[in-house]
Q: 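Submitted below is the structure of interest, expressed as structure tokens.
Counting convention: from 1, in listed order, for ligands and their atoms alike. For this chain, numbers begin at 1 and follow the sequence in order. In this text, all values refer to a predicted model and were calculated from it rather than measured experimentally.
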Amino acid sequence: MPTTFTLNGAQQTLDAPPEMPLLWAVRDLAGLTGTKYGCGVGLCGACTVHVDGEAVRACLVTLDEVDGKTVTTIEGLDPEGEHPVQRAWRELNVPQCGFCQAGQIMQAASLIAAKPDITDAEILEGMRGNVCRCGCYQRIVAAVRHAATGI
Ligand code: FES
Ligand code: FES
């Protein structure tokens with residue numbers, strides 16, 4: 001039975017097995033390749049998207065679990081790339097290779113939406129599940145702080 005959900009603001013109906021990981025669906029069926037496959041088991045955060053505004057690991061969520069819900073990927077966070085987190089990322093030159101960065105940005109966006117006055121300790125806690133093999137962690141924390149507070 002097809003799954004219907006809102007993907008980046010548009011209704012999407014996918015005729016695919018209900019147990020298919022959302023990550024496969026957005027990349028291979030919807031063609032949105034900004035969301036990355038890292039580990040496939042919920043350990044790296046590269047696949048982070050929003051489901052009804054909350055950051056989730058798309059490798060662990062199945063298609064049937066998003067039926068009727070709203071999914072946002074990095075492509076839909078801000079069509080112009082001007083979300084405060086994206087602006088902060090550019091201003092602080094956060095990425096190196098870039099592979100983890102869509103997931104980092106999606107995680108950060110949900111964190112500061114939930115708590116605009118976030119502290120550094122809360123940023124560290126909230127971002128700890130997002131791995132960066134290039135080790136951009138100091139700039140990531142600084143950029144989340146900058147996006148949230150302007151500092
Ligand atoms: S690919 Fe989903 S957490 Fe690593
Ligand atoms: S920028 Fe390379 S993995 Fe994070």
Side-chain angles (χ1 to χ4, degrees), residues 3 5-9 12 14 16-115 118 120-149 151:
T3 302
F5 57 105
T6 301
L7 179 59
N8 296 339
Q12 180 89 43
L14 297 177
E19 69 276 14
M20 175 182 278
L22 178 61
L23 177 58
W24 285 195
V26 297
R27 286 183 55 86
D28 296 345
L29 303 184
L32 298 172
T33 55
T35 306
K36 300 300 187 226
Y37 168 72
C39 65
V41 291
L43 295 176
C44 74
C47 66
T48 305
V49 300
H50 296 174
V51 174
D52 287 348
E54 270 190 46
V56 301
R57 307 307 188 221
C59 67
L60 297 183
V61 175
T62 56
L63 255 188
D64 62 332
E65 290 175 317
V66 301
D67 195 46
K69 296 189 176 174
T70 296
V71 176
T72 306
T73 68
I74 188 69
E75 290 89 346
L77 184 62
D78 183 301
E80 308 299 324
E82 294 294 339
H83 186 281
V85 174
Q86 292 171 307
R87 286 205 304 270
W89 245 244
R90 288 197 295 273
E91 285 171 30
L92 276 70
N93 288 320
V94 172
Q96 286 194 29
C97 81
F99 193 84
C100 73
Q101 296 293 329
Q104 303 275 4
I105 288 170
M106 296 306 283
Q107 182 74 24
S110 86
L111 263 188
I112 68 169
K115 196 162 194 310
I118 195 164
D120 278 9
E122 289 166 336
I123 294 171
L124 285 171
E125 178 61 28
M127 299 299 295
R128 64 184 297 191
N130 288 76
V131 176
C132 176
R133 64 189 173 188
C134 300
C136 301
Y137 296 111
Q138 288 180 321
R139 291 198 301 280
I140 288 168
V141 172
V144 178
R145 183 194 311 127
H146 187 58
T149 66
I151 298 170

Q: For Gln101, counting its heavy atoms only, list the atoms of ligand 2 lying under 4.0 Å from any of them.
A: 1 (S), 4 (Fe)

Q: Taking the side chain as everything from C-beta on, heavy atoms only, tell me whether Val131 gets closer than 4.5 Å to Leu43.
A: no

Q: With a cut-off of 4.0 Å, which atoms of ligand 2 are near a heavy atom of Gln96?
A: 1 (S)

Q: Within the 4.0 Å heavy-atom shell around Gly98, which atoms of ligand 2 are there?
A: 1 (S), 2 (Fe)

Q: CG of Leu23 to CZ of Arg57: how many Å apart, nearest 0.5 Å?
A: 12.0 Å

Q: Going by heavy atoms in the side chains, are Gln104 and Cys136 under 4.5 Å from each other?
A: no

Q: Give a yes/no answer: is there an N/O/S atom of Cys132 under 2.8 Å from atom 4 (Fe) of ligand 2?
A: yes

Q: Check Gln104 against ligand 2 and report side chain, backbone, both or neither, counting heavy atoms closer than 4.0 Å.
A: neither

Q: Below the 2.8 Å mark, what number of protein N, O or S atoms do you get around atom 4 (Fe) of ligand 1?
A: 2

Q: First locate atom OG1 of Thr72, then atom CG of Leu7, and finally report the distance between them rounded to the nearest 0.5 Å.
A: 8.0 Å

Q: Say you draw a straight line from CZ of Arg139 to SG of Cys134; how long is it, rounded to the nearest 0.5 Å?
A: 9.0 Å

Q: I need the Ile112 CD1 to His146 NE2 distance, nearest 0.5 Å.
A: 10.5 Å

Q: Within 45° of the axis and under 6.0 Å from the centre of the six-membered ring of Phe99, does NZ or CZ of Arg133 qualify?
A: yes

Q: Is the CZ atom of Arg90 crowded by more than 12 outside heavy atoms at less than 6.0 Å?
A: yes

Q: From Cys97, does some N, O or S atom reach closer than 2.8 Å to atom 4 (Fe) of ligand 2?
A: no

Q: Evaluate whether atom CD of Glu82 has more than 12 neighbouring non-hydrogen atoms of other residues, nucleotides or ligands under 6.0 angstrom away.
A: yes

